[in-house]
Asks: 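Below you'll find the structure I mean.
The shown structure was predicted, so the numbers you read here are calculated from the model rather than taken from an experiment. Hydrogens, waters and symmetry mates are skipped; everything else that's a heavy atom, side chains included, is used. Per chain, numbering begins at 1; letters A, B, ... match sequence-line order.
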Amino acid sequence: MKGRFIEVLRLALSYKSWMAFAALLGFLTVGNGIGLMMTSAYIIAKAALHPSIAELQIGIVGVRFFGIARGVFRYFERYVSHEVTFRILECLRVWFYKAVEPLAPARLQNYKSGDLLARIVADVETLEHVYVRIIAPPVVAVAVSVLMWFLFGIFDIRFSLTLLAFFLVGGTGVPALTRFLSQRTGNELIETRSQLSVMAIDATQGMQELLAFGRQEDHLAAFDVLNKKYVHLQRRMALVSGLHESLVGLIMNAAVFVILTAAIPEVNSQQMEGVFLSVLVIGTMAAFEAVVPLPAAAQYFDNSMKAADRLFEIIETEPIVEDAKPELVLDANFHLSIRNLKFRYPANASLVLNDLSFDIPEKSKTVVVGASGAGKSTLINILMRFWEFQAGLIQFGGVDIRRIPQEALRRHIAVVSQNTHLFNNTIFENIRLANPAALPQEVETCARLAQIHQFIAELPAGYNTWIGEQGLQLSAGQRQRLSIARALLKNTPVILFDEPTANLDVVTEKALLASIWPLAEEKTVVLFTHRLVGLENADRILVLQEGQIIESGKHSDLLKNDGLYREMVMQQNQLLSFDFMP
Amino acid sequence: MHFDRRLLKLLSGSKPAFAMTILFGFLGALCVIGQAQILSTIIHRVFLEKQSLASVFHFLGYFAGLSGLLFVLRWFGTNRATEVSATIMMQLRKGLSAHLTRLGPNYLKNERSGELNTTLIAGIEKIDAYFSQFLPQLFLAVLIPLTILVFIFPADVLSGFVFLLTAPLIPIFIVLIGSTAARLNDKQWQTLSRMSAHFLDVLQGLTTLKLFGRSTEQIKTISEISRDFRHATMDVLKIAFLSALVLEIVATIGIALIAVEIGLRLLHDKIAFEQAMFILIVAPEFFAPVRQLGARYHAGMEGVAAARRIFAVFDSPLPEIPNNPSLHLKNTNSILRFEHVSYTYKPDNRCALSDISLELQPGTITALVGKSGAGKTTLSHLLLQFLYPENGAIFFGDTNLQDIDAQNWRDQIAWVPQNPYLFNRTIADNIRLSNPAASDKLVREAAGQAHIHEFIEKLPEGYETQIGERGARLSGGQAQRLALARAFLKDAPILILDEPTANMDPRLERQMLDSMQHLMAGRTVLIIAHRLNTVRFADQVVVLSAGRIAEIGTHRSLLNKNGPYAELIRAAEVAA
C-alpha cells in the first residue's frame, strides 16, 4: 500500500532541485521569523540593562533585516512552491495517461460513467498537492529543528533536547494520536457519506418510481435517518479533529514552561546571562510555526495514499492485450478469417463468443445480425484488439492478428462504433481526428457520404461550430453520422459499422445505406446490426445468437429458412416504428 | 460578497452555537494576553530582580493554568464551529431533498441529475468551510486586534499608536484579499477547471482516440496544455501574491518597528521592561487573525459559490398543486375520463397536450400510439399526477382526480415505464418497492409471473443480490421484467404500461409479451404501444399527433377509415 505512494513521491522527485529550492525558501521564511522574534527579545532585554546605543545597533539592523527578509522569502516561497505544484500536476497527468492508454477500453470499462472518471481526475488533483501539503511541512520542520538545536545549544544542550522532544511530540505524537482516535469514526463517516450519496442518487433518479409507488416519504425518512447519523458522526469526528490545533498550542506552552523551569536556575546561578531568558522563551514560541502544519500534513498524507491506491488499482494491471513488437508490412491482402474463436469476459462464467468461425473476403459486403447481447460489439472489440480472446485464431491478410502491432492493425480497419466520443472541439476537428492531414474538401466529401453535410452547412458557423459544453448539443443520430464521416475519412481497406442506423429516421437510413454499400467497390464493408433493412444488397448475412453463428446466407435464402433470421424479420414487422419516420 | 445575506440566514437556528464560537475565540485571545503578561512578569523578576525559581513558581502555575484553559477553549471553539456547520448542512440536506421531491419528476427531467447529486452531497459539504472557518475568523480578525489594543494602550501609549497606525491596514487587507486576490484567484480556478475538463474529455474519448491512432500524441498535448497553464497562471500569481507579501511585510515590519522603538525608549527608561516584554510577546497575536483569514478565504468563497447553486434549486418554482386534495376513494372500479385536458411545459411553453377527451372503461385496454413527442408520456404522467392538467380535468367516475389524495390515487395504479429505475438495493427490495409488506413468497411469485425468477435464482446471491454501481448491473430487458414483477406484486386495478422498444432476442421478447398480456387481464390499462400485436388486441386505439387526438377506434375500424392511423401503420410496414 505504502509502496504506491512512494511511486507517486518518486514521480514528484523528478523536480527535486525545485523542491529543494522551495523547501529552502520555506525554511528561510520560518527561520527569519524566529530570527526576528529572538533578536527583538534580545534588543529589549539588553536595553533594560542600559548599555550604550552602539551595543544595540547590530540587533536593530538584524531586526530590520529579518523583518523585510521574511516577507520577501514568503513571497518567493509561495511562488516557487506553486511552480513545483504545477510541474507535478503536469507530470502526474502525463504519467497517468501513459499508464492508462494501453489499458483502454478494457480496464476502463467499469469507469464508463462520467462520475467515476471525474473521480479519477479528482484523485490526480489530490496528488498534485503532494509537495506543498505533504513533503514541504516535515522537511521545513526538520530543518528548523536543526537550526534550533544549534541556536539553543549555544546556551545549553538541555534546551536543545527539550525543544526537540516537544517538536517530536507535536509533529508526530499529535498526528498519531488524532489518527488513532479518529480511525473508527473516520471509516464510519466515509461509509455513511457514500450511503448518503447513493440514497441521493436513488432519490433523484428514481423519483418517478418512488412517487408512483407511494414510497417518497419512506425514502425521505430513511435519508433523514442517515443524515442524522452522518451529523452525529461529524460531531464525534470534530471532537478529535478539533484536538490537534489546540494540542499543538498546548505543547508549545508546555515547552515554554519546561524551558523556563530549566533556564531560571541557570540565570540565578549566572551560568547563563539573564538577557537570554526572554530570547529562549520567545524563540521557542516562534519555532513552533514549523510544527503547526504537521498534523494537517498527516491528514493529507492519508488522503493522498487513498487517492494513489485508487489510481494504481486502475493502472497496476498488465495491459489485457499484449502488443506485438515487430512492424509487419500488411499489404498482401486484407482477407479476414476467424476460426474457432472463444471469448469470455474476466470474472464472468459464460462464453460471450463460443466457437465462432467465418471468413470475410476482401471487398465483400458482410452483415452480422443479432439481438442485443448476442456478441456483436464484443466481436468488434476483439477484432480491434481491445480484448484478448482465449482460444481460436483470427487472421488478417493471412497473419495472426496477435502478431500485428495494434497501431498497424487499426490503420487498416476503421470502426464506426455506437458510442463514439465527440470531443469538445469544432465539427471540423472532430471529423479530422481520423486524418489530421485531411483537406477541407475531403472532410466535406465524407460528411456528404455520411448524410450529415446538409445539417452542418445549415449551421451558422458551419464546420467551425463548436461541439459539446461550449457549443451545440447534437442528437444521437447526428452524433452517429459524424462518427461515420470520421471513419470514412480514415480511408482504410476495411470498415466496420456497429449499428450505424440505430438512431436514424427511415429516409436518412436508406440514404446512408445507399452510400455505404458502394464503398465495397474499394474496401471490405462489414455491417453489425439488428435493423433488418436493405440487407438484400449484402453478399452474406451471418446470424449471431449467444456467441454462435446459427445461420448464414443471402437475405432471400435466409427468409426461406424457418430460422432465427425469419423470426427477427417477423418481430421487426410487429414493431410500430413510427419514430423511424422522418 | 462575504456577507451573503441568504447564507447568513441559515445561521438563524444555530446562533447560540455560533456566538459561542466567537466567544471562545475571544476568551482564547484573552488567555493569550494573560499569558503574555505572566511571561513578561516572570522574565522581569528573574532577569532584573534576580528572583529564584521558587519565588516565581506560582506565576508558572498561572501560566500552566491559562495554557490548559486555552487548550479547552480552542478545542470547544472548533467544536462549536463544527456544530454550527454540521447543523446547517444537515438542515440543507433535509430541506433540499424534500424540496426536490416537491419539485417532482418534471423538474428533474430538465436538470442533469448527476449535477444535482453533486449539489446535494458534495456541494453542501463545501459550505462547511464557510461556517466553520471563514465566518468565525472574519469576526475574530476584527475583534482580537481591537481587544489587544485595549490592553496595549494602558501598557504603552506610543506602541498603542504604532499598532493603531497599522490597524486600519487590517480592514484594507480584508477588502484587498476579498477583491483583487480573489478575482485573480477565481480566474486561476476557472482555467484550472477548464484544464481538468480537457483531461476528462481525453480520458472519456480514449477509446475513440485509439481507434484513430491518435492516442499517443495526446501525451504531448496534455503536457503542453499543462505547461501553458503553468506559464499563464504563474504570471497571474506573481501579482496575486503581492498582496500576501505586503500583508506579511506590514506584520513583520510592525513587529520590528515596535522592537526598535521600545528598545530605544527602554534605554532611556521611558518604558518599564515588563511592559516592553509584554508588548513584544503579544505583537504577533495582533496580526495572526488576519493572516489566518487570508488562508481561509478561498475555502470560504468556494462555499459561497456552492451556496449559490443550492439556492438556485430552492428558487425553482414548485409545480402548482391543487389545494389539499383529501378525498379517499371508495369505489375503485369506475370509468376514467379525460375532459378537454391540456398541458403546456412551463420553461419553453411547449404545448404537450391540447384538448384531450377520452374514456377508459374499467377492465379494458387502451393503446396510445404516435411518434415520440406526440404527448404519450405526458398523458401517462397526467394520469399518475406527476403533472396536473392546465385546462380541463380528469375524472374517475364522478370525482375530479385533483380532489383525490394523490397518494391514495396512485395506490390504485401500477406503472411499468420504458426505462425503469433500479435502486441501489437488493433485487428483493427493488421488487418490493411496490408493496413493502409483501412476503418473500409473494415476491418470488411476482418474479415468476414476470419471467425473471429463474434468472434471479441463478445469481450467486439470488434475491439478495445488490444492484447498482456497487453491485450487479442488469440489462434493459431484465430491468423491465423486474418492473413487471413490481406491477404484479402491487396488483392494482389500473395499469400504465410503456412497451419496450429495445431489440430483444425473439424468444425473450415472446416471454415478456406473454407476461404483459397476463398482467393486463382484468385491469383498466393504458398502454403506450410499440407493437402491432398489442394494438390489434386493444379495446381502443388512441392516435396522438402533436399533442392532439387524431383518431380513436379499434385497430380494425381505424384501418378501414383509412385515416392517419392507417397511414402510420403502412409507413411502419414500409420501414420494416
Side-chain angles (χ1 to χ4, degrees), chain A residues 40 43-44 47-48 60 63 67 70-71 74-75 78 86 90 93-94 101 104-105 117 121 197-198 200-202 204-209 212-214 216 227 231 234 238 242 246 250 253 264 268 274 277-278 371-372 420-421 424 433-434 506 530 567 571-574 576-581, chain B residues 43 46-47 52-53 67 71 74-75 78-79 82 86 90 93 101 105 113 116-117 120-121 196 200-201 203 205-208 212-213 215 222-223 226 230 241 245 248-249 252-253 256 259-260 263 266-267 273 276 371-372 407 415 421 423-424 433-434 503 505-506 530-532 571-572 575-576:
Chain A
S40 300
I43 293 176
I44 290 173
I60 291 172
V63 159
R70 179 177 159 94
R74 165 70 78 215
Y75 177 81
R78 289 192 69 180
F86 292 137
E90 180 186 330
R93 287 197 172 160
V94 170
E101 191 266 343
L117 269 179
V121 175
S197 171
V198 163
I201 292 170
D202 277 355
T204 49
Q205 296 185 0
M207 181 174 293
Q208 294 193 344
E209 271 81 357
F213 293 111
Q216 75 276 27
N227 192 3
V231 170
Q234 275 181 324
S246 34
L250 185 69
N253 285 328
I264 288 171
N268 287 334
L277 188 61
S278 58
S372 78
T420 189
H421 186 79
N424 196 353
L433 180 84
V506 175
H530 77 276
E567 207 174 343
Q571 178 189 18
Q572 185 166 299
N573 287 341
Q574 285 291 326
L576 294 170
S577 39
F578 304 139
D579 290 341
F580 289 117
M581 294 170 46
Chain B
I43 294 169
V46 174
F47 170 40
S52 69
L53 181 61
S67 300
F71 166 69
R74 281 188 178 155
W75 189 16
T78 334
N79 255 316
T82 311
M90 180 180 79
R93 268 192 295 266
T101 309
S113 66
L116 265 182
N117 293 324
L120 192 54
I121 303 297
S196 305
L200 187 60
D201 198 27
L203 282 182
L206 195 47
T207 310
T208 305
F212 291 100
S215 54
I222 290 171
S223 172
S226 307
R230 172 160 55 88
F241 287 159
L245 168 74
E248 193 73 40
I249 283 194
T252 49
I253 292 290
V260 173
L266 204 56
L267 209 56
F273 173 73
K371 285 200 228 176
S372 72
Q407 209 43 69
W415 177 56
Y421 181 76
F423 292 83
N424 291 283
L433 185 81
S434 59
N503 68 98
D505 190 293
H530 298 291
R531 275 181 180 71
L532 208 52

Asks: Testing the 3.5 Å rule here: is there a donor-acceptor pair between the side chains of B:D201 and A:N424?
Replies: no
Asks: Enter the distance from B:L532:CG to A:N573:CG here, rounded to the nearest 0.5 Å.
Replies: 9.0 Å
Asks: Which answer fits A:N268, side chain, backbone, both or neither, if we ask what part of it has an atom under 4.5 Å from a heavy atom of chain B?
Replies: side chain
Asks: Which one wins on heavy-atom pair count under 4.5 Å against chain B: A:V63, A:I44, A:D202?
Replies: A:D202
Asks: Can you tell me how far CD of A:E209 sits from OH of B:Y421, rounded to the nearest 0.5 angstrom?
Replies: 9.0 Å
Asks: Backbone N or O of A:H421 within a donor-acceptor pair of the B:T208 side chain at under 3.5 Å?
Replies: yes
Asks: Using non-hydrogen atoms and a 4.5 Å limit, figure out which bit of A:L433 sits close to chain B: side chain, backbone, both or neither.
Replies: both
Asks: Establish, from distance only, whether the side-chain atoms of B:S223 and A:E90 form a donor-acceptor pair under 3.5 Å.
Replies: yes
Asks: Quick check for you: among A:S197, A:G67, A:S246, A:G242, which has the greatest number of heavy-atom pairs under 4.5 Å with chain B?
Replies: A:S246
Asks: I'd like to know which of B:R74, B:Q407, B:M90, B:R230 tops the heavy-atom pair count under 4.5 Å against chain A.
Replies: B:R230
Asks: Could you tell me whether the side chain of A:M207 reaches within less than 4.5 Å of the side chain of A:Q216, counting heavy atoms only?
Replies: no
Asks: Tell me, side chain or backbone of B:T78 under 4.5 Å from chain A's heavy atoms, or both, or neither?
Replies: side chain
Asks: Among B:I253, B:T82, B:I43, B:V260, which residue forms the greatest number of heavy-atom pairs with chain A at distances under 4.5 Å?
Replies: B:I43
Asks: So what's closer than 4.5 Å to chain B heavy atoms on A:Q234: side chain, backbone, both or neither?
Replies: both
Asks: With rounding to the nearest 0.5 Å, note down the distance linking CZ in A:R74 to OG1 in B:T252.
Replies: 10.5 Å
Asks: Among B:G213, B:S52, B:S215, B:A86, which has the most heavy-atom pairs under 4.5 Å with chain A?
Replies: B:S215
Asks: For each of A:V94, A:I43, A:N227, tally heavy-atom pairs with chain B at distances under 4.5 Å, and name the one with the top tally.
Replies: A:N227
